[in-house]
Amino acid sequence: MSYLKVQYSAAVNGQSFFIIPKDNISYIVAGAGALTTTVDVFLKQGIVGAAADAYRITFNVAAAAGYSLVDAVTEAWISNPGGIVAQVGGIPATLSVTAPGVIGGQALTFCQVTGVTLV
């Protein structure tokens, strides 16, 4: 079985990461409303003992212009075929401009996961 690994920026309840079995993921969308720092991962099967069918991944900041939190989580979900773990990470939050008139550049800071909750 393959897993989607979500690394926390700081331990949450003693855990440094959260895993979701890839084969139980149905689809991934941006968090509801104007929440630009959340991504919802909907499951094929609901969570046992909970009135929820999705996990909400919360990031500390929105992604830099030209990048997408939803795309990054989706890429981790579909990546690494046949592998065991694909990790969410490396999403730029701010960029430096390397030359006048050039958009983009190197990442200065990255989006970090602050929590995963049921929705």
Side-chain angles (χ1 to χ4, degrees):
M1 182 179 287
S2 295
Y3 297 94
L4 180 69
K5 179 180 179 182
V6 181
Q7 186 78 37
Y8 294 129
S9 58
V12 176
N13 295 326
Q15 270 186 282
S16 59
F17 60 88
F18 187 84
I19 60 169
I20 303 168
K22 285 183 173 185
D23 62 349
N24 194 29
I25 296 173
S26 180
Y27 61 95
I28 298 170
V29 296
L35 301 174
T36 60
T37 59
T38 62
V39 174
D40 291 344
V41 178
F42 283 85
L43 307 175
K44 293 176 185 173
Q45 302 171 355
I47 298 137
V48 177
D53 61 354
Y55 288 111
R56 176 164 287 160
I57 302 171
T58 303
F59 293 85
N60 63 334
V61 293
Y67 293 87
S68 165
L69 296 175
V70 174
D71 287 350
V73 175
T74 302
E75 287 291 332
W77 173 35
I78 64 174
S79 71
N80 199 20
I84 306 240
V85 176
Q87 185 166 328
V88 174
I91 308 163
T94 60
L95 300 173
S96 67
V97 176
T98 57
V102 175
I103 298 173
Q106 294 185 359
L108 295 175
T109 61
F110 293 90
C111 301
Q112 297 180 9
V113 175
T114 57
V116 177
T117 55
L118 296 172
V119 289

TODO: Mark yes or no for whether N60, through its side chain, and T114, through its backbone, hold a donor-acceptor pair below 3.5 Å.
DONE: no
Open item on the list: Could you see if V119 belongs to whatever hydrophobic cluster contains L43? Use Ile, Leu, Val, Met, Phe, Trp, Tyr and a side-chain cutoff under 4.5 Å.
Closed with: no
- [ ] Over all heavy atoms of both residues, which pair between A62 and T37 is shortest? Give the atoms and the distance, please.
- [x] N-CG2, 3.5 Å
TODO: Supply the atom-to-atom distance K5 NZ to S16 OG, rounded to the nearest 0.5 angstrom.
DONE: 6.5 Å
Open item on the list: With rounding to the nearest 0.5 angstrom, report the OH to OG1 distance, Y27 to T74.
Closed with: 12.5 Å
Open item on the list: Has S26 got a side-chain atom pairing as donor or acceptor with F42's backbone, closer than 3.5 angstrom?
Closed with: no
Open item on the list: Any heavy-atom pair between the side chains of I19 and V85 that's under 4.5 Å?
Closed with: no
TODO: Indicate the ring-plane relationship of Y55 and F18, choosing parallel, tilted or perpendicular according to the 30° and 60° boundaries.
DONE: perpendicular
Task: 4.5 Å side-chain heavy-atom contact, T58 and T38 - done: yes
Task: Exceeds 12 heavy-atom contacts within 6.0 angstrom, atom CD of E75 - done: no
Task: Validation row: F59, V73 side chains within 4.5 angstrom (heavy atoms) - done: yes
- [ ] Say whether W77 and V29 are linked into one hydrophobic cluster, either directly or through other cluster members, by side-chain heavy-atom distances under 4.5 angstrom.
- [x] no
Task: Side-chain heavy-atom pair V116, V41 within 4.5 angstrom cut-off - done: no
TODO: Give, for atom OG1 of T109 and atom CD1 of I91, the distance between the pair rounded to the nearest 0.5 Å.
DONE: 12.0 Å
Task: In one Ile/Leu/Val/Met/Phe/Trp/Tyr side-chain cluster, 4.5 Å: Y67, F110 - done: no
TODO: Answer yes or no: does atom OH of Y8 have more than 12 heavy-atom neighbours from other residues, nucleotides or ligands under 6.0 Å?
DONE: yes
TODO: Looking only at non-hydrogen atoms, find the nearest pair between L69 and T36 and report the distance.
DONE: CD1-O, 3.4 Å
Open item on the list: Show the nearest heavy-atom pair for residues V39 and V70, with the distance to one decimal.
Closed with: CG2-N, 3.9 Å
Open item on the list: Show the nearest heavy-atom pair for residues V113 and Q7, with the distance to one decimal.
Closed with: CB-O, 3.4 Å
Task: Closest approach of P92 to C111 (non-hydrogen atoms, all atoms of both residues) - done: O-SG, 3.9 Å
Open item on the list: Would you compute the distance between atom CD1 of I78 and atom CD1 of I28 and round it to the nearest 0.5 angstrom?
Closed with: 9.0 Å
Open item on the list: Would you compute the distance between atom CG of N24 and atom OH of Y3 and round it to the nearest 0.5 angstrom?
Closed with: 11.0 Å
Open item on the list: Looking at every non-hydrogen atom in both residues, tell me the closest pair between S9 and Q112 and how far apart they are.
Closed with: CB-OE1, 2.9 Å
